[in-house]
Every structure is written in C-alpha cells, then in structure tokens.
There are 2 protein chains.
Amino acid sequence: MTVTLADVAARARVSPATVSRVLNGNYPVAAATRERVLRAVEELDYVLNGTASSLAAATSDLVGVLVHDIADPFFGIMASAAQHAIGEGGSGRAGGEKLAVVCNTGGSPERELTYLTLLQRQRAAAVILMGGGLEDPVHLDATAAKLARMAEAGTRVVLCGRPPVPGDAHTAALVFDNRTGGRLLAEHLLGLGHRRIGYAAGPADRTTTRHRLDGHRQALAAAGVPEGPTTHGPYDRVSGHAAVAELFARDPDLTAIVAANDTVALGVCAALRERGLTIPGDVSVAGFDDLPFSVDAVPALTTVHLPLHGSGTRAGRLAMGTEEPPADGTVPVPCTLVVRDSTAPPRA
Amino acid sequence: MTVTLADVAARARVSPATVSRVLNGNYPVAAATRERVLRAVEELDYVLNGTASSLAAATSDLVGVLVHDIADPFFGIMASAAQHAIGEGGSGRAGGEKLAVVCNTGGSPERELTYLTLLQRQRAAAVILMGGGLEDPVHLDATAAKLARMAEAGTRVVLCGRPPVPGDAHTAALVFDNRTGGRLLAEHLLGLGHRRIGYAAGPADRTTTRHRLDGHRQALAAAGVPEGPTTHGPYDRVSGHAAVAELFARDPDLTAIVAANDTVALGVCAALRERGLTIPGDVSVAGFDDLPFSVDAVPALTTVHLPLHGSGTRAGRLAMGTEEPPADGTVPVPCTLVVRDSTAPPRA
DNA sequence: TTGAAAGCGATACCAA
DNA sequence: TTGGTATCGCTTTCAA
C-alpha cells in the first residue's frame, strides 16, 4: 500500500538505517549511496511517516501557537510573525521544517487547555501562548501545571503578552508594559485638557484589562482628575459599540473615550458616528494595539503601540531556541504612544 | 520517565489492551474495570501519546487549514468558522477532539506544498485549502498530484474559494461565484451613471483575480462602456494605496474605483483621502469580501458579500465528513451585492 | 469481557 | 561508512 522506508531501502539495496541517515542528513553517507537512496525515494515517491518518526525519535516538529481570536488582526499579525521566525529556523529533522500551527481558543480557558493537551499528546516541540491571561486562580493553576508538565517533557513554552508563571523557570515570557501604555494614553488626553474621560475596557478577568486600567487610573490620580465611567466587555467591535451608549448614559459630558484595543475602538467610532458626533472634535478616541487598518478607519485615533511584529518574531525565536531568554525568563516589551494626528482638545 | 499506557495497565491490574479500550471507548468494558482504569489514569496523570497512537491506528486527528494570509481578517474569519465546525464534530478517537490547526502560506505556492507535505507526513485526517488558487499550470499540477495522493491515503480534502481539481472525485470544493460578484459590482456603478471606472485587481496569476475581472468586463461590455485602467498587486493595503496613483495617472477623470477586496479597498481609500478626495462624492469605491471592519472604515463602501462564516463552517463540515458533498464534489457559493449606503453617482 | 502478542514505520545504538 | 536490530507507545486481531 503505502511506501515505507524499508521499501526504499530494498530498492536502493541498502539498509533502512542508511536510508534514515540520508533523509536526516545527520550522519556521513557515501555520495554514491546517498545518490542511490535519493533516486529510490524519487522513484517510489516516498513520503516520510512523521508519526513513526516522531515516535522513534521522541520529538516532533509541531509548534503550536495559541491565540484568543484568529479573526482579530492583532493575533493574525502576531501569529504570522511568529510563524515566519519559526519557519526560518530550518534545522529540524527530516526536511528541516517546523510545522507552526495556529490554534484558536476563542478566549475560552477550557479550549486553551484542550489545545494544550492535544499539543502535549503530539509531543509538540514548542508552544506559544499569545495574548493576555485569565486572572481566575483556578484556571491559572491548571494552566500553569499543564505548562510545567510540558516543559518538563521537553516542550519549549513561550508566553507572549501575558505575565510569567511565578516560580516557573522553564517558560520564557514576553511581557507587555500595559500599565505604562494605559498611563501614556491618559496623560496624553489629560495634557490636551480632557477632564471627563470614559473607558471601554476589556473582559474583567483578563490581565491586560486590569493592567491597562491600572495605568489609566494612576495617571488620573496623579493629575487629581476624577475617574470617568468604565464599561467591560469582550475585545470586539460590538463591545465598543455598546460601550458608548452606557458611557454617555453615565456621563453625558464625556469629551474623550479610551478603548481597550483597536477593535473595540472601531466599534466606539461607529457608535459615535451614529450619534452624529465628530471624531475628534466632539469626542476624542484613543486605543491600544495600533493595527494597520486603524490608520484608514480612524485617522484621528491615538493609540499605544505594541510592537506586534517584533514581539511575534521574538516569540517565534524563543520557541525555536534561536534566541535565549534572560535568566529570569522575562523579556520586557515597552508600549509607546502613537499620536497619529490631531487628537483634539475638548470643545470649550 | 513519562507515564505510559503500560504503567496505567499495571496500576489498574489490567492489560494494556483494556486500557486502550477504555480510553477509546470503542469496545465494551465492564463498568468496574473502566472505573479502575480511569482512576489509575487520574492518579498517574497519564497523557496519551498521540504520536504512538496515530502510528498504530494509522490515523490522526490533525486537520490542517491552509490560508494565504493569516493577518487578513478575511482568512481569520473563514478559519475561525471552520475550526468551530471541526471542533464540534467531537467524535474522534481518544478524547473526541480533532486538532484543527491553521497554516499560513503567505500566498506562496512553495509554502503551500511544504505545508501539505508536512500534513501528509502527519497523516492528517483532513485538509482545507482556503482562498483562490494559482493559475500557473506547473504548480497546479504539483498541487493536484499531492492532493490526489493525500486523498488516496484517506485524508479528506476540501477546497474553499478555489476551483475544483478537474477529474478529481475525491476533493470537495466550495466555489465562490466571483464572476457574478464582479458583474454585480460593475452593474451597480454603471447604474449610478459611472462611465470611467478604475480597477485595482489582485495578483495576475490567481483564479479569483481573473474571475472577478471577467465579470467586471462582462458587465462593461454589455453596457457598451469602455474598460478603464487596471492595476495588479497583492491583496493588501499597500497595493491598494499604490494603485490609486497609477489609475489616476492613466485616467485623471475616474469617478469610481473597484478594489480586489476589502483590504485593498482600505488602501485605496487612504490614498484618496491623501489626495483630498471625498468618498463617495468625488470618487466611489467598491470592493469584495464585506469584512466587518469595513463598515466603520468606509461607511460608503459598496461590496460584494461572500458568506465568509457560512463557507468556513461548511468547509469544516465537509472536512469532518459531517456534511456530504454533492456527487460532482462542487458546492456553489453565491456572491451578493451589499449596498451599504449612499454610493454616489458621479459628479456632473 | 479480558489478555497475549503481532505489528505500525522510523530511529539510533552497537558492531562490523 | 554501513548493517542488524532493539525500541518507541499504542492499537487491534485472535483466543480464552
């Protein structure tokens, strides 16, 4: 039926061991022999059985990239960058390619664990978890335990955008400075004279949500400005759209709104337009992420820039072992303010 | 070291065979025995070795979803829908879950083949190829051959958004009616009175590009309107942005521009804004795909709607075998016009 | 209902 | 430089 390594060996009149060596290129093989083997491979149209190979070698070239929402360009860009970095590594076994695959958790911790188990079953070479983590201690523990096991078993674990697991020396973590990001955004608006600022936040139980809010509040407190209304919701457009109604209900005189991320900001903008409000001018909008499409969608948007491409690439490198993590496993990633245009001061 | 099925068997005082049967739930096992086994699994914190299991069973629960560009929400949405459909199937071996993974080809046919090989090595249960195909006969043949082999080996193959492989009865294909889409868009603009229409097309060698252009030209011809300038480029924002300069260079009096997809349309809009042109009004813009964010970005955009979610879901079902393809393997998917607002007639 | 044992297809150690 | 072969961990007949 299917062509096996043994078939190739027979055709090339060598032992299976030799064929394996030719395919993996890890041991010296006489040029003539190698030729013969390769010809046989060609003629028989042989395809290595990755399953068997992984079993025997006790390693695989699967690398899992877990993201919250694959339809969100934020994760798409991160994942894309990671995949590039991983593909370039190019020195795996049998073909020199790692299979970087993206798994969509939909933000559900259960699905996250399920995917981790599946990857654990496959003895994945590495796993990258992208995006903020849950703050629920139960899930945190479950995830930490699973990751620790995988790390023990030789799987490289990389966190990107979520805090490191305390006490775990095995996992590298790219940590976004969300607090500073939140602070920068608020300070910018305060500097323009805004005093009534609404905040459309992310899900209440995510690390990113809390950290960003922390920074925001810190800036307000430092300026002695009272905190405006805050809403919570998922990181999507609908959430931003809904937030606007509630924020204005709680304070009709808002002059600025901070959105949890660019996608939420788009929803906010849509809602503002429906209300006949101009952006900026009537209301200034600010958000996180700095996605490419925001430039066209909301030219007046002020954002905090997360180095998506850079972080994705580094996550990929860490997963490949191409880049060594610092001793404590934590790689800090700064957030920088992007004032793209003319975020306006509040109307008189 | 790692806990194996044998360890579990020993602890539960049964044979490995029995443990396997309990885990897979495919054979009758006495309730008491099953209890004992499950307890042992729990106590030892046993994790099935998917590699070994796949090897022995000659099947895997990996499902590959190949997309051109994971950073493009179009593919993100499609992939997300497919993953949902696949995850719901829930009757695989050992845990009842398929591992749907997304592979980013970057539009490169080489990488597409590489990923296919990798999935072939893993004996993937199914493969979904999303997005238009290349028209280059060499790559077409190579791809077709590879897909045929995989299908023979038991992998289910689903094409989504690209034409079926002629003569291949094994692969199901969701075929978007891009020609009609192109026609609808042009007819809409013509109906408003536009006579000088530019076209920012996709890569010259893709099926989607040609089919959409075909429909466009068909409509123009039927109306006796001469074809305007056309540019070609990748399906991204930069491409749309660059197209504007060239289109106007070739015809300064354009009143409307059709973009190859929504992402390109965003680039077009950005460029138009830079030129101080209003959309619509000075220029009307139309595009394909109908992505959610376009609503906020370009409220005046007229698009052809491809049922992204629906197609993704059906692709997933076909991959799972939950939905049976028609006899000829082709599932037609209609394109419908979405006039979201006030696409304007040309200025007098 | 359960057990024994023969593979599944490659890898890698030990010899030659 | 090459060959023989035990092993990887699980699935699946075939018997009991």
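The chains referred to below are lettered A, B, ... by the order of the sequence lines, with proteins before strands, and numbering in each begins at 1. All values below were derived from every heavy atom in this structure, side-chain atoms included, with hydrogens, water molecules and symmetry-related copies excluded.
Atom-to-atom, CG of N24(A) to P of dA12(C) comes out at 7 Å; the value is rounded to the nearest Å. For D7(A) and dC8(C), the CG to P distance is 11 Å, given to the nearest whole Å. Counting to the nearest Å, the P atom of dT11(D) and the CG atom of N26(B) are 9 Å from each other. In this entry the distance linking CZ of R21(A) with C1' of dA15(C) reads 11 Å, nearest Å. Distance CG (L55(B)) to C1' (dA10(C)): 8 Å, rounded to an integer number of Å. Between the CG atom of L23(B) and the P atom of dT12(D) there is a distance of 13 Å, given to the nearest Å. Rounded to an integer number of Å, the gap from CG of N49(A) to C1' of dG7(C) is 14 Å. Look at CG on L5(B): it is 20 Å from P on dG7(C), rounded to the nearest Å.
Residue L48(A) has its side chain nearest to dT11(C) when only dT12(D), dT11(C), dG9(D) are considered. Of the listed nucleotides (dC10(D), dT1(C), dA10(C)), dC10(D) has the atom at the smallest distance from the side chain of A52(B).
Under the rule for a side chain to side chain donor-acceptor pair (under 3.5 Å), Q122(A) has no partner lying at least two apart in sequence or in another chain. For P326(A), the side chain to side chain contact (heavy atoms under 4.5 Å, CB included) partners at least two apart in sequence or on another chain are D328(A), V331(A). For Y115(B), there are no ring-ring contact (aromatic ring centres under 6.0 Å, His included) partners two or more places apart in sequence or in a different chain. In this view, T105(B) satisfies the side chain to side chain donor-acceptor pair (under 3.5 Å) rule with no residue, not counting sequence neighbours. Applying the side chain to side chain donor-acceptor pair (under 3.5 Å) criterion to R162(A), with sequence neighbours excluded, gives E112(A).
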Under the rule of Watson-Crick or G-U wobble with both distances under 3.5 Å, where | means paired to another strand and [ ] a crossing pair, DNA chain D maps to ||||||||||||||||

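Checking P16(A) against P28(B), the closest nucleotide of DNA chain C that is more toward the 5' end is the one next to P28(B).
Look at S20(B) and you'll find a side-chain N or O under 4.0 angstrom from OP1 or OP2 of dT11(D). In terms of phosphate contacts, T33(B) brings no side-chain nitrogen or oxygen within less than 4.0 Å of OP1 or OP2 of dT1(C). Taking 4.0 angstrom as the limit, S53(B) places a side-chain polar atom (N or O) nearer than this to OP1 or OP2 of dT11(D). Contact between the side-chain N/O atoms of S15(B) and the OP1/OP2 oxygens of dG3(C) is found at a separation under 4.0 Å. Proximity of T18(A) to the phosphate of dT2(D): no side-chain N or O atom is located under 4.0 Å from OP1 or OP2. Proximity of T2(A) to the phosphate of dG9(C): a side-chain N or O atom is located under 4.0 Å from OP1 or OP2.
Using a 4.0 Å heavy-atom distance criterion, R13(A) is classed as a sugar-phosphate-only contact. If you check every strand for non-hydrogen atoms under 4.0 Å, A17(B) touches a base. Across all strands, V14(A) comes closer than 4.0 Å only to sugar-phosphate atoms, never to a base (heavy-atom distances).
Between T18(A) and S15(A), the side chains place a donor N or O and an acceptor N or O closer than 3.5 Å (distance only, hydrogens not considered).
Within the 4.5 Å cutoff, the side chain of I70(B) has heavy atoms near those of the I70(A) side chain.
Contact check on D61(A) versus R121(B) returns no salt bridge, with no Lys/Arg side-chain nitrogen under 4.0 Å from an Asp/Glu carboxylate oxygen.
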